[in-house]
Undergrad: 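Here it is: the structure, laid out below.
Indexing begins at 1, ligand by ligand and atom by atom, following the structure's order.
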Amino acid sequence: MELWKELEFEIKHCSKCNLHFNRKIPVIGEGDINTPIMFVGEAPGAEEDVIGKPFVGKSGGLFTKIFNSVNLSREDVYITNIVKCHPKDNKNPEDDEIKMCSQYLETQIALINPKIIVTVGLISTKWFLKEKANIGITKLRGKIFNWEGDIKVIPIFHPSYLLRNQSTTQGSPKWNTWQDMKLIKNEYEKLKNRD
Ligand code: SF4
């Protein structure tokens with residue numbers, strides 16, 4: 001717990017990259033730090049910046065519904081982002097910002113020691129699956145990749161993308177996300193049954 005407190009203090013007071021100039025509250029992450037499963041998005045949005053929690057507002061509401069669709073709760077997992085401060089105008093974080101901030105993510109992963117990491121959206125997926133940086137999220141989502149030995153990385157669409165693609169017909173991004181969440185839930189249950 002001491003290490004978590006130190007990490008949170010460091011992030012709250014961090015000015016290592018330009019994103020600190022405009023942020024209101026750094027979004028460190030939330031959820032169960034003893035969980036075997038992490039969800040990692042790209043960066044806090046404007047609403048997250050004000051509240052200091054990941055995935056709130058419209059896309060956060062959909063994110064919660066996505067969990068509920070497979071009887072998973074956000075409290076069962078740990079949710080964070082690649083960068084902890086909101087990029088102005090919702091721009092994608094720059095490479096140097098990602099490089100600086102991902103040191104905190106690496107520490108979070110080391111402390112949680114997850115068995116599954118769900119990458120939410122392309123930027124997060126690219127950070128984990130560097131060698132697949134040129135492949136689009138449409139082709140990567142719903143597949144299981146090995147990362148750093150025995151950690152399973154499973155990419156899914158970002159909820160903000162799903163908000164722009166409302167169809168729920170078979171083969172649509174929303175329908176595919178539901179299939180991906182069923183796969184994730186199944187992998188999670190296998191871990192729970194192993195314990
Ligand atoms: S984005 Fe990360 S590295 Fe940049 S100021 Fe915020 S906490 Fe520090």
Undergrad: Could you check whether Thr125 and Thr119, counting side-chain N and O atoms only, form a donor-acceptor pair closer than 3.5 Å?
TA: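 Yes - a donor-acceptor pair under 3.5 Å links their side chains.
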Undergrad: With heavy atoms of His20 as the reference, note each atom of ligand 1 found under 4.0 Å away.
TA: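 Those qualifying, in numeric order: 5 (S).
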Undergrad: Taking backbone and side chain together, does Cys85 place any N/O/S atom at a distance below 2.8 Å from atom 2 (Fe) of ligand 1?
TA: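 Within the cut-off used here (under 2.8 Å), Cys85 places no N, O or S atom near atom 2 (Fe) of ligand 1.
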Undergrad: What is the nearest protein non-hydrogen atom to atom 4 (Fe) of ligand 1, stated with its residue, atom name and distance?
TA: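 The protein heavy atom lying closest is Cys17 SG, 2.4 Å.
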Undergrad: For a distance under 2.8 Å, tell me if Cys14 has an N/O/S atom near atom 8 (Fe) of ligand 1.
TA: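 Of the N, O and S atoms in Cys14, at least one lies under 2.8 Å from atom 8 (Fe) of ligand 1, which means yes.
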Undergrad: Below 6.0 angstrom between ring centroids: does that apply to Phe67 and Phe55?
TA: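 No: the rings miss the under 6.0 Å criterion.
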Undergrad: Considering non-hydrogen atoms of the protein only, which is the closest contact for atom 2 (Fe) of ligand 1, and what is the distance?
TA: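 Looking at atom 2 (Fe) of ligand 1, the protein heavy atom closest to it is Cys101 SG, 2.3 Å.
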Undergrad: Flag the pair Tyr104 / Asn81 as yes when at least one side-chain heavy-atom distance between them is below 4.5 Å, and no otherwise.
TA: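 No, side chains not in contact.
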Undergrad: Between Lys115 and Glu187, is there a side-chain N and carboxylate O pair less than 4.0 Å apart?
TA: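 Answer for the salt bridge query: no.
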Undergrad: I'd like to check which ligand 1 atoms, numbered from 1 as shown, lie under 4.0 Å from a non-hydrogen atom of Arg23.
TA: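 Near Arg23, meaning under 4.0 Å from one of its heavy atoms, ligand 1 has 5 (S), 6 (Fe).
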Undergrad: Ring-plane angle category for Phe157 and Tyr161, please: parallel below 30°, perpendicular beyond 60°, tilted otherwise.
TA: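 The arrangement is tilted - the two ring planes meet at 30° to 60°.
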